[in-house]
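Structure first, then comments.
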Amino acid sequence: MPRAPRKAPPTAFVIFGITGDLAARKLLPALFQLHRQGALDPSSLIVGYGRSPLSDEELRERLRAALADHAAPLDEAAWDSLRDRIHYVQGGYRDDAGYARLAERLASWDPTHRVFYTATPPETYEAIVRGLAGAGLHREDAGWSRLVIEKPFGDDVESARELNRHVLEHFREEQIYRIDHYLAKETAQNLAVLRFANSIFEPVWSNRYVDHVQITMIEPMGVEGRGSFYESAGVLRDVFQNHLLQLVALVAMEPPARYDAGSVRDEKVKVFSALRCARPERAVFGQYTAQDGMLGYRQEEGVDPRSRQATFAAVELELRNWRWSGVPFDLRSGKRLETKATEIVLQFKTPPHVPFDLPAPLRADRLVLRIVPDEGIVLRFNGKRPGQGIDLDRIDLDFHYGRSFDRPVPDAYETLLLDVMLGDATLFMRADEVEAQWRVVMPLLERLEGSDTEPSYYPAGSMGPQAAYALLEDEGRYWHRPAAD
Ligand code: BG6
């Protein structure tokens, strides 16, 4: 029997930072899509809260323009049926009267359930939580109240712990949704299905058969107007502590008894507590320089012209547990690189004995999980080339979501926002999980920030610093080229 479509109960979706970039690029298009699909209750509301003096009408005009840019072509009928349900409340993040106004307006509307979303700079999170609690908006008298906190959650293990402490003073853990949109990408979710709904992969999913694992997340975008944020975040806080480590956990975790928030997060925490940076002193940090009309990092607005911040990193992690001991997990990520790609590669070992007389060493099998942009899975193995005698060739079993299913792949934010409204926290991070993730990256941050090492420079548009290649070559491995070879 087909599963009933997922539908959210009547909810007021309050966005702090509604006129910002995240709201325009991700949150509004996702809410709009959910509305078009009928997943939002017809009485649901979108409420913006911010410092700018805007009327409801002015906000609607701005959001319409944002949607026309980011969800083109705009479905006018769907917009017409949503626009009157968009409202604005003016107030500062540290302004008690503003939160009181918000509480009053929320009380005057129908939806009993509330989501509060911090699409604001991280330094505002504590004030927002305090303001909401001060106005009693954390209470769950008539309906539920949920808080979504964007990444980065803290900027080191101490500040993450402090932020957890602060938020948990007012909200219960079950009310808190710490977001990492990578977890909701289809292939990331499919990784659990591939591993735990099939019997052919799990037996080879360990140090017995896997030689090493690689995760690459690269993008051609630079810091795109976020120079001052990036100066304090850098690649380690922006994507390693969260997206990349979450992908490691999905690859490495033990099969949970149930696919629910408690069981999945328990398993991920076990991975993070066994995960170490193999040799932090060998990690490679890079920074992009000007090339072909593209600015170098140090020329970007908001960036210190002598900045040593890393816009690229390549590191080797190791998992000290029974399943993965001895299997390097090589991770790399960077901005202003040649292409946009996020891929996980499981490189298998070569067979113990090859009975054929081959002109070149046998190449090992490889499973590639493509997360971005062309979501899919490729199993690359050796096959016989047609003809006399035994000559080998590489063959692909190639699965693409786009080709195999005649339905669109939802954007990660669509999945996540609906999950929040449905109370499913499986794809969100728990307090202990975020802290455990910070513990893994701390030695890297200490190395980067505690020394006066210059980053390795790489030209914008290239594939990153040479040192990243040397890192693996020294150990007889090499980086797989994304979506190629
Ligand atoms: C965000 C980072 O979390 O992820 C950005 O802050 C990065 O720097 C982005 O560009 C990448 O996400 P996606 O979904 O485009 O791969």
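Atoms within a ligand are numbered from 1 in the order they appear, just like the ligands themselves. Along the sequence shown, residues carry numbers from 1.
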Nitrogen or oxygen of Lys26 less than 3.5 angstrom from that of ligand 1: no

Close approach, Lys335 and ligand 1, non-hydrogen under 4.0 angstrom: yes

Any Tyr182 heavy atom less than 4.0 Å from ligand 1: yes

Which of the ligand 1 atoms, numbered from 1, are nearer than 4.0 Å to a heavy atom of Met217: 11 (C)

Parallel, tilted or perpendicular: ring planes of His170 versus His138, cut at 30 and 60 degrees: perpendicular

Parallel, tilted or perpendicular: rings of His181 and His243 (30°, 60°): perpendicular

Passing candidate, side-chain contact (heavy atoms from CB on, under 4.5 Å) with Val129, options Val167, Ile176, Leu137: Val167

Subset of ligand 1 atoms that lie under 4.0 Å from at least one heavy atom of Asp238: 2 (C), 5 (C), 6 (O), 8 (O)

Asn190 side chain to Tyr401 side chain, donor-acceptor N/O pair below 3.5 angstrom: yes

Identity and distance of the protein heavy atom lying nearest atom 12 (O) of ligand 1: His181 NE2, 3.2 Å

Donor-acceptor under 3.5 Å (Thr216 side chain, Thr342 main chain): no

Atom indices of ligand 1 within 4.0 angstrom of Met221 heavy atoms, with elements: 10 (O)

Arg298 and Glu454 ion-paired at < 4.0 Å: yes

Atoms of ligand 1 close to Lys151 [distance to a heavy atom under 4.0 angstrom, numbered from 1]: 1 (C), 2 (C), 3 (O), 6 (O)

Under 4.0 Å to a heavy atom of His243 - the qualifying atoms of ligand 1, by number: 1 (C), 3 (O), 4 (O)

Test item: side-chain donor near acceptor, Gln347 and Tyr478, under 3.5 Å: no

Steps toward side-chain hydrogen bond (donor to acceptor under 3.5 Å, both in side chains) verdict (Asp374, His400): CA-CA 7 Å; Asp374 193 9; His400 284 253; 3.2 Å; yes

N/O separation below 3.5 Å, Thr342 to ligand 1: no

Numbered atoms of ligand 1 (with element) below 4.0 Å of Lys185, judged on heavy atoms: 13 (P), 14 (O), 16 (O)

Protein residue, atom and distance nearest to atom 7 (C) of ligand 1, heavy-atom basis: Glu219 OE2, 3.5 Å

